[in-house]
Student: 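Before we start, here is the structure in question, set down as structure tokens.
Atoms considered below: every heavy atom in the structure, side chains included; atoms not considered: hydrogens, waters and symmetry mates. In what follows, chains are A, B, ... by sequence order, proteins preceding strands, each numbered from 1.
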Amino acid sequence: MDKAYDHKKYEDDLYNFWEKKGYFKPEINPDGKPYSIVLPPPNVTGTLHIGHAFEGTLQDVAIRYHRMKGDKTLWLPGTDHAAIATQARFEKELHKKHKKSRHDFSREKFFGMVNEFALSNQDRILGQLHKMGFSLDWDRLAFTLDEKRETAVRTAFEKMYKKGLIYRGDRIVNWDPKAQTTVADDEIEYVEQKDPFYYFRYGPFVIGTVRPETKFGDKYVVMHPADKRYKDYKHGQKIELEWINGPIEATIIKDEAADMEKGSGVMTITPAHSAIDFEIAQKHGLDIEQVINDRGILLSIAGEFEGQHIKKARALIVEKLKKKGLVEKIDESYVHNVATNYRGGGTIEPQIKRQWFVAVNKEFVLENSKISGIQSGSEVTLKQIMKKAVESGDVKIEPKRFEKIYYHWINNLKDWCISRQIIYGHQVPVWYRDDDLYVGLNEPDGKEWRQDTDTLDTWFSSGLWTFSPLGWPDDVEGLKTFHPNSIMMPGYEILFFWVARMILMSGFLLGEVPFKRVYLHGIVRDKDGKKFSKSLDNGIDPLEMVDKYGTDALRMALIFGAAVGNDVVFDEQKVKGMKHFSNKLWNMARFIEINRTQGSKFKAQSSFEELDKIAKHNTDKKWVKKTARLASEITKHLDNYKFNLAAERIYEFAWHEFADVYIEDVKTRIDKNSFVILNSLFIILLKLLHPFMPFVTEAIYQEFRKNGIWIEGKDSIMIEKYPTPKS
RNA sequence: GGGCGCAUAGCUCAGUUGGUUAGAGCGUUACAUUGACAUUGUAAAGGUCAGAGGUUCGACUCCUCUUGCGCCCACCA
């Protein structure tokens, strides 16, 4: 063996060896208890950052542990098409390199181009997953937008439509004029912004606004029914007043939605461009008039301002109102939150649009339910399914505090807008011909059917992710074995987007939960506690760390000190320290190799009981017991998903107990018997460590085999049996 | 406005049912060593476990309040 451990010499070869042997496949433990995880699919166009490395490592530790326990273990790889994000990135490049936009191409052509772009990026991601040593079953690689997933998506859509859970409606939605698409409520990010706040005279009232450009359509003035200041005004009363483009007739509306504490307690409403105003308008059956179009241009209702962009028009409108003496005052230091698209950053302009929705509060009959507390054939809503799945304990969320957050979210959930006006994604499987509408898997027979041009929210296909890669709806065998998944390990920031949607989809389509457990991990931050992001340019390429210190060192450093659900601070020093640990293990192995003449050829024992019998020295016996105790501690931690505690304990033991004390002790008195014990215990230690540090443990294992130190046993440590105190 | 979390050694953090001198990594200091170890080993310094009160025989751990950070949700006419 070389003097020091050189990770570059081993890692790639060992990974290829494992893969070729088929050791990542569940079939190596055909009779084991099923254990399954699906990889949260990374965005195809991105690169793996340190957070992915962390997330993947947690899963690989669980997977390798269960595989060694003898479970029929499946870890399913895949990537996500990330509709909006991918198309936006492509369009940016298209514009930069070729000065072209999506409108220069046919739909088919454009889709093909984006897809090609996406898939060309995919290789890089997959290469990174290999480098991290992740034991994924590559033969099952899936993509959220491949043919099989398309079938799954269309099947899901059709089933929901037939149950009346998917409907089309004209509703106020979050419109991103920049990306020209709808954005879901939870895809909105509020950004603090300072804007002038205007107080205008509106007849006898004073109203406040930051958005004068929306005010053309305001012909209703709303006040609280209990507001004494306005007790002389009656609901439905009409008043004449002078407004931007001349005299108008306004109607008084009394509604609790008006806050008496705020400003004058009176507001006008713009139903077409505000969600709350829209609700008020619907409640009272008021007229709804569009003022601003898709692109942020004022419509004819704006009179002389028609055709202007809202950004430019604002100042001009205020100027005109000033001249008319309708401006009461302007507060220049008003700070408020502006809704923006979290992917792309466009400012949201609420609009009324015809969109597809998933009804979360509509009752339907769930024929086949395996969810505790929901009877087959009973009437439920999707919301109830999502709630019950967690309440019943069928899905356990860890850390537990996130369950509260989950319930709170569910309780406030509104119908889910699933249609997007972009091209890249799953096209809505609905076809129209005159007044006919057809929903199904394929275009219906006959001529002149036109498919809906919208695509589905990327989370619609992600919601199917626990079972669509297993072959649903065509192949049920895989489902039987591996669904529900044993555990899901996403970051906590994705709880609503994804975890909740998977519970919804699985509950409705399969009548069961998607997974038994959710382990929410934290965000990896840099030394200053900042999130890694492209804009801050503080990103760390995992491959750089791997190259410098080795995959094992990176994996170990990420897990060390990372308690469930807590954020992790990434520190390169920690990785360096773990590289030293790899080297320490290597040198422990070298010590054994150098002393092998003492033991010549022998079969190392993996049974603690057997070792206890063989051991002659009391000190050796003591270390057999200590190691057995360690094994029971480690397995306990792993079973409870306390990976950090397991990693910390094993590190401490290997270095500061086994090496510093035991090896130092045995060094002076080594004989044939002690050698056998020492070597056997060391190999047990390697097995305990393997899920965390797969490469160095395997490298040593292979060196031992090659040098005749370890005669029997399997040809890879990764399929050896995980040490348990009883065996 | 509603909710949640965090506060432990210079830095980054562990500490799961309340029980003897509170731990690790990195960093700092001293000494040793070419040894299986691009070092490693031995040892040291460093903490009224944010503050105040309470429960208890006993609190870093449970309860209440205060302070300082961070996050989520809602909403801003």
Student: Taking CZ from A:F591 and C1' from B:rG41, how many angstroms apart are they, rounded to a whole number?
Tutor: 15 Å

Student: Quote, to the nearest angstrom, the C1' distance that separates B:rU29 from B:rG18.
Tutor: 37 Å

Student: A:F197 near the nucleic acid: base, sugar-phosphate alone, or nothing, with a heavy-atom cut-off under 4.0 Å?
Tutor: sugar-phosphate

Student: Whole angstrom is fine here: how far is it from NZ in A:K642 over to P in B:rG15?
Tutor: 8 Å

Student: To the nearest angstrom, how far is A:K636 atom NZ from B:rU16 atom C1'?
Tutor: 9 Å

Student: In terms of side-chain geometry, is the basic nitrogen of A:R590 or A:E703 positioned less than 4.0 Å from the acidic oxygen of its partner?
Tutor: no

Student: Just name whichever nucleotide pairs with B:rA45, Watson-Crick or G-U, keeping both distances under 3.5 Å, else none.
Tutor: none

Student: Closer than 4.0 Å, any side-chain N/O of A:W655 to the OP1 or OP2 of B:rG25?
Tutor: no

Student: Does B:rA38 have a Watson-Crick or wobble partner in any strand here, with both distances under 3.5 angstrom, and which is it?
Tutor: none

Student: For A:V222, which contact category applies under a 4.0 Å heavy-atom criterion: base, sugar-phosphate, or nothing?
Tutor: nothing

Student: So what does A:E593 touch, heavy atoms closer than 4.0 Å: a base, only the sugar-phosphate, or nothing?
Tutor: nothing

Student: Give me the distance, rounded to whole Å, that separates B:rU56 from B:rU64 when you measure between the C1' atoms they each carry.
Tutor: 16 Å

Student: Looking only at heavy atoms, what is the nearest atom pair of A:Y641 and A:A62, with distance?
Tutor: CE2-CB, 4.2 Å

Student: Please give the distance between the C1' atoms of B:rG70 and B:rA38 as a whole number of Å.
Tutor: 41 Å

Student: In whole Å, measure the gap between the C1' atoms of B:rU16 and B:rC75 for me.
Tutor: 38 Å

Student: Would you check if A:L286 and A:T251 make a side-chain contact, meaning some heavy-atom pair closer than 4.5 Å?
Tutor: no

Student: Tell me: CD of A:E493 to C1' of B:rC73, nearest whole Å?
Tutor: 16 Å

Student: Would you say the side chain of A:K404 and the base of B:rC4 hold a donor-acceptor pair, judged only by whether the two atoms sit under 3.5 Å apart?
Tutor: no

Student: A:S674 and A:D620: side-chain hydrogen bond (donor to acceptor under 3.5 Å, both in side chains), yes or no, with the steps?
Tutor: CA-CA 7 Å; A:S674 291; A:D620 292 341; 2.8 Å; yes

Student: Please classify the nucleic acid contact of A:D277 as base, sugar-phosphate, or nothing, using heavy-atom distances under 4.0 Å.
Tutor: nothing

Student: Roughly how many Å is it from CD in A:E664 to C1' in B:rA36, rounded to a whole number?
Tutor: 9 Å

Student: Tell me which nucleotide, if any, is Watson-Crick or G-U wobble paired with B:rC76 when both distances must be under 3.5 Å.
Tutor: none

Student: Report the base-pairing partner of B:rC69 (Watson-Crick or G-U wobble, both distances below 3.5 angstrom), or none.
Tutor: B:rG5

Student: Could you please name the option among B:rC75, B:rC37, B:rG15 that lies closest to any side-chain atom of A:K584?
Tutor: B:rC37

Student: Just N and O in the side chain of A:K3: are any of them under 4.0 Å from OP1 or OP2 of B:rC37?
Tutor: yes

Student: Look at atom NZ of A:K254 and say whether more than 12 heavy atoms of other residues, nucleotides or ligands are closer to it than 6.0 Å.
Tutor: yes

Student: Give me the distance, rounded to whole Å, that separates B:rG68 from B:rG10 when you measure between the P atoms they each carry.
Tutor: 23 Å

Student: For the side chain of A:F560, starting at C-beta, report the closest nucleotide among B:rG25, B:rA38, B:rA36.
Tutor: B:rG25

Student: If you only use heavy atoms from C-beta on, which nucleotide in B:rC75, B:rC72, B:rA36 is closest to the side chain of A:K414?
Tutor: B:rC75

Student: What does A:Y5 touch in the nucleic acid at a heavy-atom separation under 4.0 angstrom: a base, only the sugar-phosphate, or nothing?
Tutor: base

Student: Counting C-beta onward and ignoring hydrogens, is there a side-chain heavy-atom pair between A:N411 and A:K387 closer than 4.5 Å?
Tutor: yes

Student: Taking CD1 from A:I397 and P from B:rC4, how many angstroms apart are they, rounded to a whole number?
Tutor: 16 Å

Student: Please report the distance separating the C1' of B:rA7 from the corresponding atom of B:rU66, rounded so that it comes out in whole Å.
Tutor: 14 Å

Student: Provide the distance between the two C1' atoms, one in B:rA22 and one in B:rG15, to the nearest whole Å.
Tutor: 8 Å

Student: Considering only B:rA14, B:rC72, B:rA36, which nucleotide approaches the side chain of A:N644 most closely?
Tutor: B:rA14

Student: Using the P atom as the reference point in each nucleotide, state the distance between B:rA36 and B:rA44 in Å, no decimals.
Tutor: 27 Å

Student: Distance check needed: B:rG5 C1' versus A:L520 CG, whole Å only.
Tutor: 14 Å

Student: Using a 4.0 Å heavy-atom cut-off, does A:I276 contact any base of the nucleic acid, only the sugar-phosphate backbone, or nothing at all?
Tutor: sugar-phosphate

Student: Do A:L585 and A:M588 come within less than 4.5 Å of each other through their side chains, counting heavy atoms only?
Tutor: yes

Student: Check the phosphate of B:rU40 against A:H580, side-chain N and O only, distance under 4.0 Å to OP1 or OP2. Yes or no?
Tutor: yes

Student: Between A:I663 (CD1) and B:rU40 (C1'), how many Å, whole number?
Tutor: 13 Å

Student: Categorize A:K667 for me: base, sugar-phosphate, or nothing, with a 4.0 angstrom heavy-atom threshold over every strand shown.
Tutor: base

Student: Between the base of B:rA14 and the side chain of A:E652, is there a donor and acceptor pair under 3.5 angstrom?
Tutor: no

Student: For B:rU21, give its Watson-Crick or G-U wobble partner with both distances under 3.5 Å, or none.
Tutor: none

Student: What is the base-pairing partner of B:rU64, counting Watson-Crick and G-U wobble geometry with both distances under 3.5 Å?
Tutor: B:rA52

Student: Apply the test side-chain hydrogen bond (donor to acceptor under 3.5 Å, both in side chains) to residues A:H224 and A:D255: give CA-CA distance (whole Å), side-chain angles for both, the deciding distance (0.1 Å), then the verdict.
Tutor: CA-CA 5 Å; A:H224 199 281; A:D255 194 287; over 6 Å; no

Student: Could you please name the partner base of B:rG10, counting Watson-Crick and G-U wobble pairs only when both distances are under 3.5 Å?
Tutor: B:rC26

Student: Assuming nearest nucleotide by heavy-atom distance, tell me which of A:N587 and A:H656 is located more 5' along RNA chain B.
Tutor: A:H656

